[in-house]
Amino acid sequence: MPDLPELKFAEDGEAIPVWCAPIAAIKAALDGAAHALPAEALALAKASGFTPGAGKSLAFVQAGGAPGVLFCLDADGDAFQFGALAGLPEGVYRLAEAPEHPDVAGLGFLLGAYRFTRYKAAKAGARLIAPQGADRAEVETVASAVALARDLVNTPANDLGPDELEGFARALAEKFGAGVRVIQGAELERECPLIHAVGKGSPRAPRLVELRWKPERTKKLTLVGKGVCFDSGGLNIKPDSAMALMKKDMGGAAAALAASAMIMAADLDLSLRLLLPIVENSVSGEAFRPGDVYRSRKGLTVEIGNTDAEGRLILADALALADEEAPDLLVDFATLTGAARVALGPDLPPFYTEDDALAEMIARNGFACNDPVWRLPLWKAYEPKLDSKIADLNNAPAGGMAGSIMAALFLKRFVTPGRAWAHFDIYGWTPAAKPGRPEGGEAQAARLIYNLAREKFNVAKLS
């Protein structure tokens, strides 16, 4: 079984103190206003011409000769701005005073300290003692789950194919005592024909991985994650510019695994089912073709308008399977469309649901935990565009407009009307580093769903 990553605070002990203050307060102190900041820090700042700015720090020597650090906070800055502390020189640090939101500060630091080290060792960096008042176990659990998703997305496809992604799901299940079932081969072709069709062109066999945790509990949550380990586009092959980052096309599965890890680690009082349709979309003589027609698990026939619209196909069968058990909440995560990024950029994934109460909870929890999303409409007037002349649906109708909405409307056809269902069209990648978010893979919407599950099901930790 593969090892699951961990992000942890430093142990208590001697550490360099860090005084964190808003930029305005530091500027005022430099101008002579009353303050509680170390005089040595202000004297050095004046002598060196230090200009306070968001995330900037100043190392100084305290009166007794011990080192200290002054760190600048932006009153209107990113909630994870404490992540910038991870850029301090190697050493162990502690916050000199308890921050206003200790859990957020601690999580921001740990997420900022994340490094992908599978192929290149990272330099030793700053470590932080858990901020005073922080729930250390909770923060470390959430950070480690995000690190798992980031590691998965950052790993190239030669080392993370369907076998390996299944292996991580099994390792997570083993850690938390969950059951695992894998559907593949002839059974997959019979039970989930769209998943089989997309993956049959690759020598690395397609499959559907199902994880069940605490099935005896009455409150039912089902998560579905798109697991395309690499997407060449199939016979409608992508240009090289569009293929370069396709190792991240399993980002939906990574986010679903991260959310599952948080839920199970917290022992929330609910029953969790995780479904991961896992494939590689390859070019070969066995690959599915434009114009092919397949009957889905739900019974709807689908004409293949474009083999590069494969994600919605594998999700369709997985959603149909999930829907058959009528969960109290059904959520899917998918790196589904470039149109979503054109509309909202890389940092703000769109989500879709017809449940207004659920939509309000999603948006509120997203912004509250600094995992923001934005609702887009399941615009019914566009539904006829999915029609096919020879089948029930076309997976990629001509026209190209409203691409993210069209994909969501396609998925909607595989979920029972009235079901509490939400679809997240995530990017799964941070293109430019920000506090708490290094460049690379990201577990978008995972922390949101963890927090939402606690609210919607009115549950807390049982242990």
Side-chain angles (χ1 to χ4, degrees), residues 153 194 198 224-228 230-255 277 281 290 302-316 318-319 331-354 359 362-363 366 371-388 393-415 421-432 441-442 444-445 448:
V153 176
L194 295 180
V198 172
V224 177
K226 173 188 170 186
V228 178
F230 191 81
D231 182 19
S232 69
L235 294 177
N236 291 117
I237 194 167
K238 293 177 181 288
D240 58 354
S241 60
M243 205 186 301
L245 266 183
M246 283 301 98
K247 68 177 184 179
K248 78 172 186 65
D249 212 19
M250 39 58 64
N281 188 18
V302 181
E303 180 185 9
I304 307 304
N306 191 305
T307 62
D308 196 22
E310 85 299 330
R312 67 200 68 180
L313 295 173
I314 66 171
L315 286 172
L319 284 171
V331 175
D332 76 78
F333 308 82
T335 52
L336 206 59
T337 71
R341 257 50 66 201
V342 172
L344 298 176
D347 301 339
L348 190 62
F351 76 95
Y352 299 85
T353 182
E354 290 189 309
I362 288 171
D371 196 4
V373 292
W374 198 265
R375 189 185 188 184
L376 289 184
L378 288 160
W379 195 249
K380 292 183 179 180
Y382 293 160
E383 288 186 354
K385 297 180 183 295
L386 292 170
D387 290 346
S388 164
L393 294 165
N394 189 304
N395 78 318
M401 293 189 179
S404 183
I405 294 174
M406 293 302 297
L409 287 171
F410 180 89
L411 297 179
K412 175 174 169 277
R413 296 289 296 272
F414 296 86
V415 178
W421 163 65
H423 159 60
F424 292 85
D425 190 346
I426 67 173
Y427 188 46
W429 190 263
T430 300
E442 189 54 74
Q444 288 178 317
L448 181 169

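If you read the sequence from its start, that first residue is 1, and numbering goes on from there.
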side-chain contact (heavy atoms from CB on, under 4.5 Å) between Leu393 and Glu303, intermediate numbers included = CA-CA 6 Å; Leu393 294 165; Glu303 180 185 9; over 6 Å; no

Criterion side-chain contact (heavy atoms from CB on, under 4.5 Å) on Lys247 and Trp429, from CA distance to verdict | CA-CA 11 Å; Lys247 68 177 184 179; Trp429 190 263; 4.0 Å; yes

Would you sort out whether Phe410 and Val302 count as a side-chain contact (heavy atoms from CB on, under 4.5 Å), showing the intermediate values?
-> CA-CA 10 Å; Phe410 180 89; Val302 181; 4.0 Å; yes

Start with the C-alpha distance between Asp308 and Lys238, add both sets of side-chain angles, then the distance that settles side-chain contact (heavy atoms from CB on, under 4.5 Å), and finish with yes or no.
-> CA-CA 8 Å; Asp308 196 22; Lys238 293 177 181 288; 3.1 Å; yes

Residue pair Lys226, Asp249: steps toward the salt bridge (Lys or Arg N to Asp or Glu O under 4.0 Å) verdict | CA-CA 8 Å; Lys226 173 188 170 186; Asp249 212 19; 2.9 Å; yes

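For the atom pair CG of Leu409 and OH of Tyr352, the computed distance is 8.0 Å after rounding to the nearest 0.5 Å. Once rounded to the nearest 0.5 Å, the distance linking CG of Leu386 with CZ of Arg413 reads 7.0 Å. Note that the CG atom of Leu245 and the OG1 atom of Thr335 stand 10.5 Å from one another [nearest 0.5 Å]. Of the inter-residue distances, the one linking Ser232 atom OG with Met243 atom CE reads 5.5 Å to the nearest 0.5 angstrom. If you take CG on Leu319 and CG on Leu411, they are separated by 6.0 Å, rounding to the nearest 0.5 Å.
What you find for Ile426 and Gln444 is that their closest heavy atoms are CB-OE1, 3.6 Å. Of all heavy-atom pairs spanning Arg341 and Leu336, the tightest one is NH2-N, 4.3 Å. When all heavy atoms of Asp347 and Pro349 are compared, the closest pair comes out as O-CD, 3.5 Å. Residues Ile362 and Ala422 approach most closely at CD1-CB, 3.6 Å, considering heavy atoms.
Residues Pro277 and Val224 form a side-chain contact, since some pair of their non-hydrogen atoms from C-beta on lies under 4.5 Å apart. Contact check for Thr307 versus Pro290: side-chain heavy atoms found under the 4.5 Å cut-off.
Counting only distance, with no hydrogens or angles, the side chain of Thr430 and the backbone of Ala432 share no donor-acceptor pair below 3.5 Å. Between the side chain of Asp425 and the backbone N or O of Thr337 there is at least one donor-acceptor pair closer than 3.5 Å. When atom types are taken as modelled, the side chain of Thr353 and the backbone of Ala359 share no donor-acceptor pair closer than 3.5 angstrom. No donor-acceptor distance shorter than 3.5 angstrom exists from the side chain of Arg375 to the backbone of Ala363, with no hydrogens or angles considered. A donor-acceptor pair under 3.5 Å is absent between the side-chain atoms of Asn306 and the main chain of Asn395, judged by distance alone.
Relative orientation of the Trp421 and His423 rings is parallel, given thresholds of 30° and 60° on the angle between their planes.
Every residue two or more places apart in sequence or in another chain that forms a ring pair (Phe, Tyr, Trp, His ring centres under 6.0 Å) with Phe424 is listed here: Phe333, Phe351.
Partner Ile314 forms a side chain to side chain contact (heavy atoms under 4.5 Å, CB included) with one of Asn281, Val228, Leu194 and no other, that one being Val228.
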For residues 376-385, please give each side-chain donor-acceptor pair under 3.5 Å, one per line with the distance, not counting sequence neighbours.
{"from": "Glu383", "atom 1": "OE2", "to": "Lys412", "atom 2": "NZ", "distance (Å)": "2.8"}

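Taking the charged nitrogens against the carboxylate oxygens, Lys248 and Glu442 have no contact shorter than 4.0 Å, which rules out a salt bridge.
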